[in-house]
Structure formats: structure tokens, C-alpha cells
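Below, read A as the first sequence line, B as the second, and so on, with proteins coming before strands; counting in each chain starts at 1. Quick note: numbers below take in every heavy atom, side chains included, and nothing from hydrogens, waters or symmetry partners.
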There are 2 protein chains.
Amino acid sequence: MNGKGTTTRTRLERGRGALGPALELVHTGRAPTRAVLTAELGVTRATAGAVAAELEALGLITVDSRPGAGAGSQGRPSHRLSVDDQGPVALAAQVHADGYRVALVGLGGQLVATAPGCGTVPADPAQVLGEAVEAGAALLRATERRCVGAGLAVPSAVAEPEGTALNPLHIAWPVGAPVRDIFAERVRAAGIEGPAFTGNDVNLAALAEHRHGAGRGAQHLLCVATGHRGVGGALVLDGRLHTGSSGLALEVGHLTVNPEGRPCHCGGKGCLDVEADPLAFLTAAGRDPGPEVSLLQQARDLLRTEAADPAVRRATEELIDRLGLGLAGLVNILNPDRIILGGLHRELLDADPERLHAVVADRSLWGQGGGVPILPCTLDHNSLVGAAELAWQPVLDDPLGALAR
Amino acid sequence: MNGKGTTTRTRLERGRGALGPALELVHTGRAPTRAVLTAELGVTRATAGAVAAELEALGLITVDSRPGAGAGSQGRPSHRLSVDDQGPVALAAQVHADGYRVALVGLGGQLVATAPGCGTVPADPAQVLGEAVEAGAALLRATERRCVGAGLAVPSAVAEPEGTALNPLHIAWPVGAPVRDIFAERVRAAGIEGPAFTGNDVNLAALAEHRHGAGRGAQHLLCVATGHRGVGGALVLDGRLHTGSSGLALEVGHLTVNPEGRPCHCGGKGCLDVEADPLAFLTAAGRDPGPEVSLLQQARDLLRTEAADPAVRRATEELIDRLGLGLAGLVNILNPDRIILGGLHRELLDADPERLHAVVADRSLWGQGGGVPILPCTLDHNSLVGAAELAWQPVLDDPLGALAR
DNA sequence: CTACTTTGTTCAGATGCGGCACAAAGTGAG
DNA sequence: CTCACTTTGTGCCGCATCTGAACAAAGTAG
């Protein structure tokens, strides 16, 4: 009885409404067994069993009869639920200051295959995206996996619903480039199945951290990161990215964090953008940034290898204070229950977590029982994984419908 | 046929999942007819009809055979759906700087009855709330309406999940007073049916404006208001109040809006709280605030009657600029599709809408096709109506379940 | 080996909703 | 006034999805 491959399913169509939530639970690692799935979904064991069988039949998850972790030692051990590592994949691409990356990402945020990256970014979006999509198509051909769709992360705000890049600051793309349309067209032209999506890299990193990284379980997750120039932010509310009414939310770079600070192109002065990015750190430490390596890399190296240098130490404290002021402002407005920092901000947090916590607690209105937890991001390639999340989203929302075609 | 009171309902139990959304549509005036209800719910006419019949049987709405507005001139006219003005009510109370208000509020945000207010606020929350609840109980006895619950609006942030008042600034209540518990206890002691809720007044005003006022239809609604001292904010996302993870979101008073500004108790300087409230306006205009009338009243009078005075004019422009800077900062972070202003901010908007729009558009990062619409609030007693919304919420979420008891 | 606990499965219902056919109530053309 | 046309309201059937209860399975504790 309970033969594994025999598929003695009684009526073949059971559990539609709960399919999506169930898949999301397995996807985010919150349902290791059917027993947990039952509790998390708030349904009966009968329903959870039918739902799991249906997801298995769709090739998305596997039900392993080896006992799964979670329950107590008593009673019948529950079968292990896990993502099917031979299942479909999403094509993920990321464009950043130093090139692009392409990968295939399965459920659970697992990188199934990665293409060799590229070192420079041409000024023509169509050329970059064409190359990236072609690399992805080659990966798909090589792995012979079904593709559920494609996602792209770009270092720029993406306007909704147009899908244009509004401030591709550190890549030389034209302002207002229709990146979503270009990407979608290339994906279709390459014969890749499924829809194509485009989003801001920090937003997508936040989404990935929320589902698979340090943000798991957070209800209101704030992410702040700086990679090259300027500061990016993102907010995940109840599991969904908050991009605002036109995709421009969390442009946190122009919070005032230093009333005596340097002028910013926005018209103000002392903005987070010019007071807490890698260039600001190098300048504060009295270093001239060189053109050979990325600003983030230079700042990171300086922070790691010359932390004892008094000038570096002073610059670190100054940037922590500026960042803390910005975070405090965001805490007063958004009241998140967790903050995740990426890029150089992550390094600053590692360098002196006490100081950053103290500044945020001091300048946000209420300590909130010890202050908001501030954590470093934990995922490699979180923007890439987040881009894949975009492509997986329709499947998570309605597995049957999305995989029907 | 179609006899109005005969209730020839076939199976008596139809439409449960769609009941809540349907009631909310009628409640917010977005479903004037059954035809519109059908379209808005995305269900079939059969379902919409059953749902409407069920809501009518519950005594929440009325189906009037007179033709309702909305459809074209052709075809069979659709019956008018409206809130049953003899239906249940919610008890709403508001505490503000000059006393308290109590009212009964029906579906649709209609004030059914109002108790005479009170002129001063004792320093003991239990005494104030006891009096207010007693006044409400008297109203309920007089009207003999069923009560679905009670809601309270207070001029302070309310911590979640404790329900304590964190900054009852302009009423002399103790910081940390357990207002939610006190109110709930008084409501229960007075024999009033249904649960009791407590929220911040600006939050509740935003909720009311979103459902019945200038915010109707907005997806991401930002409200900013100043009544006495300090500035309050609120955000309604997809029809739900965003209060953050611990009820402290949208404490917008400490955005920096004037780098050369006066010091604030928060440790910064030039905060919105001290640069754009009624006291700031009076001071900027060179007036000494008197103790007899409320600061809001004094500022309002000055703005209305002496607008020609050069000092008043200068103060007005200064406050508009400060407010605009704060709004621009919020727009960069939240990207709302509508902004509503209340209290003195509403008067500032009326005084020179072009200037305010220009400042916000100039200092927020992207004009967004002409900038965010900024509107004055339109509801009388919006905090009071919002408090009632809290009490109505369980009914809107699950009419059958909430009215079953 | 025997209780006991917890998990998985089967089956019979309950229920909410879609689809369809038909009736009802208006408009406009002739 | 009549007839075609449009749109709305309702009865009925069926289907999909979930619950509940009974039973079987698989482990632990004694």
C-alpha cells in the first residue's frame, strides 16, 4: 500500500484553492512535512494530503517516505516534503555595474545552473539583454528543464506600469529605456516559455531574502543596500513587494541624514545617497577612488584590511551614524519588524553592530523593546534569486493554471 | 412577482465567501445596483443576487425596486442597492484636545445620532472613557438599534499589540496608558454588545476618508494632518490601514524639513513636528499664542482673516514649503497615488495649492506625470467615522459570522 | 506484545459558485 | 401599439473544494 510511483489518486482533481499557499510553504521551507503543512494551511489532514499529492503529480514537489524533521518523537513519523529538484526552473538574469549574470533557479531558490558572467555592460540595453537571454537559452537547452518564465533584475527604479528604467545610474543606459519590453521581447524571440518580468535589483534582493534568507518570517521587512553609487531600499509587506502606486516606492536615497552635508543633485543637501554610499566612505577616509575596481570593492577592501587605520575608523563611524539616521527615519515611517542590510551597509553593520543599533534606537521614536533587529543579508546572488521569484510567482499563485499551458 | 417582503429565497444559505466583499462595496458606495455589484465582484448574476438577498435578510442593506443609477438607458433597469438606514450601528468615540465626541454610526459612514460633546479632558483616561461610553450607551438605549461594536480614536500612537497610548501629547494622559483595555472594559461594563477597538485619530481619519471621503478609490492613500501640536500621518494600503509591525508606522513628525530649523525633542533639528504645526505657524507669523482657544483655531482664524497681512503671508508660504518638503520625502518612500491633508495642513493647501504642488513635485524624485494629487479631506468628523469603521470591520469581513451571536 | 500517539487515506456529505435557460422590464423603431 | 433588442433577475443543475468521521498505518513507551 502507499506505493510511491503508482499514483492511485482517487479523483485526480483535488484541492485547488489551497494549492498555491501549500506550494509557497514548501517553496519557502516552512512546510517540511505534511503534518506541518496541515497546521500551517489550517485545513484537515485529508485536504493537505490531497494537495500534496496534486503538487507531486505536477512535478513540483516530492513526497519522501523517510521521516521528516519537525514533529516530536511520538506517533507515526510524517513524510518529508521537499521541492522536486528535477522540476521546472525559472530563468533569472541580473544586470549590475560590472556586467550581467544569468542562472536557472528552481523552487526553493536553488541555483540549478549558472552561466559564465560578463565583465562590462554595453550602453545599449537591447544588446546586453539579448546576450543575457541567449546565455539563458543555452542553459535551458543544456539542462532540458521546463521553464516557467523569466525574471530580470536591473540597478534602477522600474516605473509601473510602463516598465521603463528611470535611473540606471551606474550603468550607462538611457533614462526611460523600456527594459521590461526589451527583455520580454528577447525572451520570446529566444523561444523561452512563460512570461517575462523585470524589477529593481534591491527590491528583488529583498524578496529573495524574505523567502529564502535572513528575512524569512518577517511581516514587514525593510531592506537597504548600497552597491556602487547611491542607496536603494525595498519593503516586503506580508510576503509581497511594496513597489508603490507607480513602482517608485522606497527611493530612500534622499532622506536628510546630515544637515551640514554636501549638496545633492536632488536640490537638498546631506542626502543618504551622497552620505552613505561607497564613494562617500572612500572620500571620508581620505582616499581617492581609482577607476580599476568597482567602488564597492574598493570600499570593502579598505574596510576589511585597514580597519585599524584611524582615518578608516573615523569614516566607518561617520557612515554608520549617517546610515543609522536614515534607518531611524525609515523606522519612524514604516515600522518594520526586521531590517536587512546589503552591499557596503552590510559591511558597516558587521564592523560595529552595537553602534548602528544604538543610533537607530536613539533616533527612532521608541526603542520598541530593544529596537528593531538589523541583520546582514545571507543569500548569495539574492537579486538573481529574487528575479526568479518574479517568474515563479504565477506558479505560486495558481499552480494548476500556470502549468496548464 | 418579486414581492419585496415575502422572502421567497430558495435555499436560504447562499453566498458566503462573497458576502464580505459585497457588503464592503455597498458600504463604500461603489455598488449602487446589483448589476454593478456583479461586475465588481467578478461573479455571476445568480451569485450576486443571492448575496444581495442574504445581506438584505441580515438587515444590513435594502434592495429597492426603483431603478438605480449607473447603467445606460437601455435594458432592464437594475434595482437600487443601499445601506439599510434602520440597520445596526457602531458606537464611535473620539478624544481630542478639547474634549470628546460620541456618536452612533451606521453602514455607509452615516452619523445616526450624536451625543453632546464635552469641553475639557480630565487627566484620568478611565474617567474620560467612562463618561464617553456612558453617553454612547444612553444613545443606544434611546435609538434601540443593534450595536455591532465600539471604536475609539485617540490623539496618540497606539502600540500593537498592547493597545497603550505612547504619546498622548496634547491631552494630559499618562504615557503608556492602556487605553484599549480601559475602553474595552468600560464598553463591556456598560452592557454594550460587540468587540471594542482603539486606534490613532489620524489613522482612523485616513480610513474614513478612504472609504467615504476624498480617498475613495485610492490604492495607496497617504494622509497627513496637524491638529494641535505635532504632525500625524497615516497610510491606507489596498483598503487596509498600515500601522506597521507594532502600530507605530507613519510617525512622520521627525522628517527633517529645515536643516537650519529649531531643535526638536527627538534630538534632531528642523523636524516636521516643530516646523509645520499650528504653533509653528503662529510663531512664524509673529503672534503670541493665547491660552483661550485651541492652537488650531487660532492658526485657522489668522490664516483666514488676515491672509493679506505680509507676516501672515510669509508664514503661510514658509509652512507650505516645509510641509511640501515633508510630503516629498514621504512620496519618495511610499509612492502613494493620492495625498489627503487635514487640520491646518488642509487650510494651507486651500490657501495656495499651486505652491504646495510645486514644492512636492520639485523635491520628490519624479514628477509622475504631473505629480501626486493632493486633496483636502472632505468628511466631517472623519476620525469618529473611522473609529466606527474599526467596529464595522468584523462585519465587513464576515457578515454571517459577526452577526451570528 | 500491548497500549498509545500521531499521521495518512478513504468516503460520504456540505457548500459555495459557475453556467445555462428563461422570465422580466425597460428603450427605440416602425 | 407592437415588435425587436438590450440588460437584469432567478431557478436549477452540476462541479469543484473542503470538512468530518472512521479506519488503517507506523512509529514510541512500557
Side-chain angles (χ1 to χ4, degrees), chain A residues 1-4 6-22 31-56 63-81 398-401, chain B residues 1-4 6-22 31-56 63-81 398-401:
Chain A
M1 221 145 281
N2 189 21
K4 274 211 303 203
T6 51
T7 342
T8 12
R9 295 215 322 294
T10 49
R11 231 184 294 166
L12 202 36
E13 291 294 76
R14 279 289 279 282
R16 192 186 201 116
L19 268 186
T33 67
R34 266 191 283 206
V36 177
L37 183 64
T38 302
E40 290 288 320
L41 286 178
V43 297
T44 59
R45 290 199 302 275
T47 305
V51 163
E54 183 70 32
L55 290 176
E56 192 179 22
V63 182
D64 196 329
S65 46
R66 291 175 319 178
S73 61
Q74 286 214 336
R76 172 177 175 177
S78 190
H79 294 176
R80 182 194 304 274
L81 297 182
D398 177 12
L400 267 178
Chain B
M1 220 143 280
N2 188 23
K4 274 211 304 204
T6 50
T7 342
T8 12
R9 297 216 321 295
T10 48
R11 230 186 293 170
L12 203 32
E13 290 296 77
R14 280 290 281 281
R16 195 189 200 113
L19 267 186
T33 67
R34 267 192 282 209
V36 177
L37 182 64
T38 302
E40 291 288 319
L41 286 178
V43 297
T44 59
R45 289 199 303 272
T47 304
V51 163
E54 183 71 30
L55 290 175
E56 192 179 21
V63 181
D64 195 328
S65 47
R66 290 176 317 177
S73 62
Q74 286 214 337
R76 174 176 173 176
S78 191
H79 294 174
R80 181 193 307 272
L81 297 183
D398 177 11
L400 267 178

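- Comparing Arg45(A) and Gly42(A) along DNA chain D, the residue whose closest nucleotide (by nearest heavy atom) sits nearer the 5' end is Gly42(A).
- Taking atom CG of residue Leu41(A) and atom P of nucleotide dT17(D), one finds them 15 Å apart after rounding to whole Å.
- Pairing each heavy atom of Val51(A) with each of Ala22(A), the nearest pair is CG1-CB, 3.4 Å.
- Rounded to whole Å, the distance from CD on Glu54(B) to C1' on dG9(D) is 17 Å.
- Dashed line: the shortest gap from a side-chain N or O of Thr47(A) to OP1 or OP2 of dT19(D) is under 4.0 Å.
- Side-chain proximity of Arg34(B) to dA25(D), dT6(D), dG9(D): nearest is dG9(D).
- Here the straight-line distance linking atom CG of Leu19(A) with atom CG of Leu41(A) works out to 9.5 Å at 0.5 Å rounding.
- Counting only heavy atoms from C-beta outward, the side chains of Leu55(B) and Pro399(B) approach each other to under 4.5 Å.
- At whole-Å resolution of the value, NE2 in His79(A) and C1' in dG27(D) are 11 Å apart.
- In this structure, the CZ atom of Arg80(A) is 18 Å from the P atom of dA26(D), given to the nearest Å.
- Per the geometry, CG belonging to Leu19(A) stands 14 Å off P belonging to dA16(D), to the nearest Å.
- Judged by distance alone with a 3.5 Å cut-off, a donor-acceptor contact links the side chain of Arg76(B) to the base of dT8(D).
- For the atom pair CG (Leu81(A)) and CD (Glu56(A)), the distance works out to 9.0 Å, reported to the nearest 0.5 Å.
- Contact record, Thr38(A) with Val43(A): CG2-O, 3.2 Å, taken as the closest heavy-atom pair.
- Of the listed nucleotides (dG8(C), dT19(D), dG27(D)), dG27(D) has the atom at the smallest distance from the side chain of Pro77(A).
- The side chain of Ala46(A) lies closest to dT19(D) when the candidates are dG18(C), dT19(D), dT5(C).
- Between the CG atom of Asp64(B) and the C1' atom of dT8(D) there is a distance of 16 Å, given to the nearest Å.
- Comparing atom distances between the Ala18(B) side chain and each of dT10(C), dC17(C), dA25(C) picks out dC17(C) as nearest.
- Listed pair Ser78(B) / dG9(D) meets the phosphate criterion, a side-chain N or O lying under 4.0 Å from OP1 or OP2.
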